[in-house]
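A single structure is presented below for examination.
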Amino acid sequence: MSPTQGRLLGLGVGPGDPELITVKALRHLQQAPVVAYFAGRGRKGNAYASIESHLQPQQIQLRLEYPLTTETVSGPLSYDQIIAAFYDRSALSVAAHLRQGRDVAVICEGDPMLYGSYMYLHDRLAADHPHQVVPGVCAMLGGAAMLGTPLVYRDQSLSVLAGTLPAEELHQRIAMADAVVIMKLGRQLAKVRQVLQELGLEQRALYIERATMETQRMLPLADVDPASSPYFSMILVPGTRWQA
């Protein structure tokens, strides 16, 4: 690696509340010559919205716009192929600044290494460039705090699952767990709720969307309209309360 290369900085900027960025992440964010962020088409991006007020006029802003998010794909390429090609292009854009000796702070909602978009740049660039990752407050912990519920007690285990898993696999994994966090709901909510009903866990399950953001919403799982559940929603099934 050339000593003149810039550093790749993966910054966790919290689950949405602008005050939940760490002091370390804020320092790196404000010192970085380039700030890169992911965003959907026509959107600002949740991570960017939470740190926008901290940016300086002289900083270069590198917008990495997803070619699609949850749309149905038709054509010769699959969703995974389209997204992989997008991350390839994004990595090249970031690397161009790194080779010029500019640090690039890639901001990531929640924690960069837990379902974080930054991970896909890290996999492509970290072997060839100096890098540092700053952990952040992840969405599931922000959700637990807002719901006011402990997740696990004593020697209980916690499973973090994606709602995109097939119903049979969700059923099997949830049945074996002491406590569960199910992320990436959106259009998967009806399926996930049905699995929880089959396991007798619907009353224990807690639903929250856009945790810690101004648009946060919490309501009983039975009352959630599956058609209106956003991607940034989750279900928490906390461990059985331990009586100390």
Side-chain angles (χ1 to χ4, degrees), residues 10-22 24-25 38 45-51 69-70 106-120 122 133-165 169-193 195-196 199 201-221 224 226 228-242:
L11 305 184
V13 297
D17 182 342
E19 293 185 326
L20 289 179
I21 185 172
T22 66
K24 187 170 188 176
F38 291 94
N46 291 320
Y48 183 85
S50 68
I51 58 87
T69 49
T70 59
V106 182
I107 61 172
C108 187
E109 186 173 12
D111 184 271
M113 299 304 201
L114 182 65
Y115 292 132
S117 299
Y118 165 79
M119 295 187 301
Y120 305 105
H122 187 92
V133 178
V134 179
V137 179
C138 60
M140 66 178 180
L141 298 183
M146 296 299 99
L147 288 163
T149 182
L151 281 176
V152 285
Y153 292 89
R154 293 171 63 81
D155 56 355
Q156 294 174 344
S157 62
L158 173 67
S159 292
V160 181
L161 305 175
T164 50
L165 289 171
E169 188 168 353
L170 281 171
H171 193 287
Q172 181 181 8
R173 294 194 185 194
I174 294 172
M176 296 174 59
D178 296 318
V180 181
V181 174
I182 307 168
M183 306 179 73
K184 300 186 178 183
L185 286 179
R187 293 181 297 177
Q188 311 298 323
L189 186 127
K191 173 187 65 180
V192 174
R193 183 163 58 189
V195 170
L196 292 171
L199 290 167
L201 293 172
E202 187 179 21
Q203 296 304 313
R204 197 168 121 203
L206 304 171
Y207 173 89
I208 184 169
E209 58 189 51
R210 300 187 178 94
T212 80
M213 303 180 194
E214 290 184 357
T215 53
Q216 170 184 290
R217 194 168 69 132
M218 299 178 284
L219 64 163
L221 181 57
V224 183
S228 66
S229 178
Y231 179 81
F232 287 104
S233 59
M234 73 185 82
I235 293 172
L236 282 64
V237 183
T240 303
R241 184 174 182 178
W242 180 65

**Asked** With distance as the sole test, does Ser229 use its side chain to make a donor-acceptor pair with the main-chain N or O of Pro226 at under 3.5 Å?
**Response** no
Separation between CE (Met234) and CE (Met140), nearest 0.5 Å, reads 9.0 Å
inquiry  = For Gly163 versus Leu170, what's the shortest heavy-atom pair and its separation?
reply    =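 Gly163 and Leu170 have their closest heavy atoms at O-CD1, 4.0 Å.
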Report task. For Cys108 and Ala47, work out which heavy atoms get closest and say how close. Result ->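 Nearest pair, atom of Cys108 first, then Ala47: C-CB, 4.2 Å.
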Non-hydrogen side-chain atoms of Tyr118 and Met113 separated by less than 4.5 Å: yes
For Leu221 against Ala205, the heavy-atom pair lying closest together: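 Scanning both residues completely, I find the closest heavy atoms to be CD2-CB, 3.9 Å.
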Taken in chain and number order and not counting sequence neighbours, the residues that satisfy ring pair (Phe, Tyr, Trp, His ring centres under 6.0 Å) with Tyr115 are none
Val180 and Leu161 have their tightest heavy-atom pair at CG1-CD1, 3.9 Å
So salt bridge (charged side-chain N to carboxylate O under 4.0 Å, His left out) across residues 202-214, not counting sequence neighbours, yields Glu209-Arg217
query = Is any side-chain heavy atom of Thr240 closer than 4.5 Å to a side-chain heavy atom of Gln156?
reply = yes
Working to the nearest 0.5 Å, report the span between CG of Leu141 and CG of Asp111.
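Leu141 CG to Asp111 CG: 9.5 Å, rounded to 0.5 Å.
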Could you walk me through whether Asp178 and Val152 pass side-chain contact (heavy atoms from CB on, under 4.5 Å), step by step? CA-CA 8 Å; Asp178 296 318; Val152 285; 5.7 Å; no
Do Ile21 and Ser50 have side chains that approach each other closer than 4.5 Å (heavy atoms only, starting at C-beta)?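 Side-chain contact under 4.5 Å: no.
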Within a strict 4.5 Å, meaning less than it, do heavy atoms of the Val106 and Phe38 side chains meet?
-> yes
* Calculate, to the nearest 0.5 Å, the distance between atoms CD1 and CZ belonging to Ile235 and Arg193 respectively. =>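 Reported value, rounded in 0.5 Å steps: 8.0 Å.
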Taken to the nearest 0.5 Å, the spacing of Glu109 CD from Asn46 CG works out to 4.5 Å
Review point. Would the number of heavy atoms belonging to other residues, nucleotides or ligands and lying under 6.0 Å from CD of Gln172 be above 12?
Key: no
Worksheet item: Which distance, rounded to the nearest 0.5 Å, do you find between the OG1 of Thr164 and the OH of Tyr231?
Response: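 Rounded to the nearest 0.5 Å, the OG1-OH separation comes to 7.5 Å.
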Separation between CD1 (Ile182) and CD1 (Ile174), nearest 0.5 Å, reads 4.0 Å
query = Can any side-chain N or O of Lys191 pair as donor or acceptor with the backbone N or O of Leu165 at less than 3.5 Å?
reply = yes
Please find the pair of heavy atoms, one from Val137 and one from Gly142, that lie closest to each other, and give the distance.
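In this case the closest contact between Val137 and Gly142 is CG1-N, 4.5 Å.
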Ala177 and Ser159 have their tightest heavy-atom pair at CB-OG, 3.5 Å
- For residues His122 and Pro112, determine if any side-chain heavy atom of one lies less than 4.5 Å from a side-chain heavy atom of the other.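 Of all side-chain heavy-atom pairs linking Pro112 with His122, none is under 4.5 Å.
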